[in-house]
Trainee: 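Can you keep this structure in mind? I'll have questions shortly.
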Number of protein chains: 2
Amino acid sequence: MNVRTICLAILYDGEATGYEIRKLSVEGEYSYFIDASYGSIYPALARLETDGLVTSRVEVQDGKPAKKIYSITAAGRSVFIQSLFEKLGQDEFRSEFLLFLRFATELPQSLVEQRLSERLAEVDAELADFDRLKQQHSHPGDAWVIDYGRTCMQASRNYIEAHRGELIAMARPDTGEAAAAE
Amino acid sequence: MNVRTICLAILYDGEATGYEIRKLSVEGEYSYFIDASYGSIYPALARLETDGLVTSRVEVQDGKPAKKIYSITAAGRSVFIQSLFEKLGQDEFRSEFLLFLRFATELPQSLVEQRLSERLAEVDAELADFDRLKQQHSHPGDAWVIDYGRTCMQASRNYIEAHRGELIAMARPDTGEAAAAE
DNA sequence: CACCCCATGTAAGGCGTTACATGATTAT
DNA sequence: ATAATCATGTAACGCCTTACATGGGGTG
């Protein structure tokens, strides 16, 4: 799943600028698929236009920079849907947090405790975010995926809360030293 | 979280060759942190050795190619643990499967049904894998992380099974055409 | 007979990030 | 005043993947 595909997916439901696509991919509903930066989005859109999968028009604005609004073409829709027929790539999951927890036995108790609390707060923020997203979107596919994400996130939270004590117990008791840098 | 760090993490618990590290990162317990290929592991180990964080010795074998066995040094241990004190990177999650489901309304019912069944089978295989991993590992950090993974995976499975009907209902009813390629 | 496992490594190329360049407007 | 938001784009660089190179031994 590359930036190109995500651009087509976003444009499938309506026009957007590169700037908006980045926002959606970082903060919006698409953040559960990818996190794309300008440096990848703008070149991807340019190439999609060359390939005839999207078109653009420039809209001059008052007091703001001009926008380049992209729309998907019939060819673009077809290519995108066709790509969904192909064999799906593997889901990817990477967690520095879990690597950290795996080594709880080598780390000071206070640090482990702190990171667990931070994570719970992050998860709560994400859960609230799911609720916010859900209210905005009536598209049924969106709703399903958002509920799925929320459910998994909630399961993760429940597990962490129920079993955090075990991690703290296996960590190294704090000796006088301050639990280092940020 | 890069290949370098994963190599140190694996070597933290004992010696290994580049070949073994790749296996662990793809099939073993570390597959939940990264999926690394030879092309990244061998150069990473070479650089770690130059930097004095690991050492190696060659073991000649009968009927098999010679092995290059890497061990972590005291400096390596220290650098690795120190890296865990630093601010943690964001967890990453990417799912082509969810992107596919988001567009269920645009896809034939039979295809959606097929992909859901495939996924349930994959999840079951992964759950079995978690159980297998759990029996092998007595390291408490490992056990915690494996249980965490298993719990989240089970929650995902439950949700898919309970709500698959909604996706199938929103998909396009099959017209005569065969539900395309693989 | 073909293919997979063991085992190490290199080279080319893809895909993405970060930082840079630019600049007006609006909120704190 | 200072920073954030809007808005587009390029250039350098990093990190990893894929494919190649090599080759004996075991399995279907």
Trainee: Roughly how far, to the nearest 0.5 Å, is CG of A:Leu88 from CZ of B:Arg115?
Mentor: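 Answer for the CZ-CG pair, B:Arg115 versus A:Leu88, is 5.0 Å.
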Trainee: Between C:dC6 atom P and B:Asp62 atom CG, what is the distance in whole Å?
Mentor: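 So the CG-P distance, B:Asp62 to C:dC6, works out to 16 Å.
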Trainee: Give me each pair satisfying salt bridge (Lys or Arg N to Asp or Glu O under 4.0 Å) with a member in residues 35-50 of chain A, each pair once, sequence neighbours excluded.
Mentor: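 Listed once each, the pairs are A:Arg47-A:Asp51.
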Trainee: According to a 4.5 Å side-chain heavy-atom criterion applied to Ile, Leu, Val, Met, Phe, Trp and Tyr, with indirect links allowed, do A:Tyr12 and B:Val112 form part of one hydrophobic cluster?
Mentor: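 Same cluster.
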Trainee: Just the rounded figure in Å: distance from C1' of D:dG25 to NZ of B:Lys67.
Mentor: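 One finds 15 Å between C1' of D:dG25 and NZ of B:Lys67, rounded.
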Trainee: Would you indicate which nucleotide in C:dT8, D:dG9, D:dC16 comes nearest to any side-chain atom of B:Tyr38?
Mentor: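 The closest nucleotide is C:dT8.
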Trainee: Ignoring backbone atoms, establish whether A:Lys68 has a side-chain N or O less than 4.0 Å from OP1 or OP2 of D:dG9.
Mentor: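 Yes, because at least one side-chain N or O of A:Lys68 sits under 4.0 Å from OP1 or OP2 of D:dG9.
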Trainee: Under 4.0 Å: is that the gap between some side-chain N or O of B:Gln61 and OP1 or OP2 of C:dA7?
Mentor: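 Checking C:dA7 against B:Gln61, a side-chain N or O does come within under 4.0 Å of OP1 or OP2.
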Trainee: B:Asn2 CG to C:dT17 P: how many Å, rounded?
Mentor: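 Going from B:Asn2 (CG) to C:dT17 (P), I get 16 Å.
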Trainee: Under 4.0 Å, counting only non-hydrogen atoms across every strand here, what does A:Asp35 touch: a base, just sugar-phosphate, or nothing?
Mentor: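 Here A:Asp35 touches the backbone only, sparing every base.
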Trainee: May I ask you to decide if A:Ser25's main-chain N or O and A:Ser31's side chain share a donor-acceptor pair within less than 3.5 Å?
Mentor: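 Between the backbone of A:Ser25 and the side chain of A:Ser31 there is no qualifying donor-acceptor contact (under 3.5 Å).
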Trainee: Can I get a per-line list of side-chain donor-acceptor pairs under 3.5 Å for residues 141-151 of chain A, giving both atom names and the distance, sequence neighbours left out?
Mentor:
from, atom 1, to, atom 2, distance (Å)
A:Asp142, OD1, B:Arg102, NE, 3.4
A:Asp142, OD1, B:Arg102, NH1, 3.1
A:Trp144, NE1, B:His163, O, 2.9
A:Asp147, OD1, A:Lys134, NZ, 3.3
A:Asp147, OD2, A:Lys134, NZ, 3.3
A:Tyr148, OH, B:Ser156, OG, 2.9
A:Arg150, NE, A:Asp131, OD1, 2.6
A:Arg150, NH1, A:Gln154, OE1, 3.4
A:Arg150, NH2, A:Asp131, OD2, 3.2
A:Thr151, OG1, A:Asp147, O, 2.7

Trainee: Of all of residues 39-57 of chain B, which get a heavy atom below 4.0 angstrom from DNA chain D, listed by number?
Mentor: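 B:Gly39, B:Ser40, in order of number.
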Trainee: Could you work out which one of D:dG9, D:dC16, D:dA7 sits closest to the side chain of A:Tyr70?
Mentor: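 Per side-chain heavy atoms of A:Tyr70, the pick is D:dG9.
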Trainee: Please give me every residue in residues 18-31 of chain B whose heavy atoms get under 4.0 Å of an atom in DNA chain D, ordered by residue number.
Mentor: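 None - not one residue of the stretch has a heavy atom sitting under 4.0 Å from the strand.
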Trainee: Within this structure, what is the CZ-to-P distance between B:Arg94 and D:dC16, rounded to whole angstrom?
Mentor: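 Distance check: B:Arg94 CZ to D:dC16 P gives 14 Å.
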Trainee: Which atom names give the shortest non-hydrogen contact between B:Gly18 and B:Leu45, and what distance separates them?
Mentor: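 The answer is CA-CD1, 3.6 Å.
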Trainee: Within the structure, does a side-chain N or O atom of A:Ser37 lie under 4.0 Å from either OP1 or OP2 of C:dG16?
Mentor: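 A:Ser37 to C:dG16 OP1/OP2: no side-chain N or O under 4.0 Å.
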Trainee: Through what angle, rounded to 10 degrees, does the axis of the helix from C:dC1-D:dG28 to C:dT28-D:dA1 turn between its ends, using five pairs per end?
Mentor: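 Taking the rotation axis at each end, their angle is 50°.
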Trainee: If a pair satisfies ring-ring contact (aromatic ring centres under 6.0 Å, His included) and one of its residues is in residues 114-136 of chain B, list it, with sequence neighbours excluded.
Mentor: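 ring-ring contact (aromatic ring centres under 6.0 Å, His included) check on residues 114-136 of chain B returns B:Tyr32-B:Phe130.
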Trainee: If we count only N and O atoms by modelled type, under 3.5 Å, do the side chains of A:Gln114 and A:Glu118 hold a donor and an acceptor together?
Mentor: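 Distance-only check passes for A:Gln114 and A:Glu118.
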Trainee: Taking the ring centre of each residue, are B:Phe93 and A:Phe33 less than 6.0 Å apart?
Mentor: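 No: the rings miss the under 6.0 Å criterion.
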Trainee: Taking A:Glu15 first and then A:Arg57, would you say they form a salt bridge - that is, a charged N and a carboxylate O separated by under 4.0 Å?
Mentor: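 Looking at A:Arg57 together with A:Glu15, the answer is yes, because their closest N to O distance falls below 4.0 Å.
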Trainee: Could you verify whether a donor N or O on one side chain and an acceptor N or O on the other, from A:Ser117 and A:Arg164, lie under 3.5 Å apart?
Mentor: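 Looking only at side-chain atoms, A:Arg164 and A:Ser117 do form a donor-acceptor pair, the distance falling under 3.5 Å.
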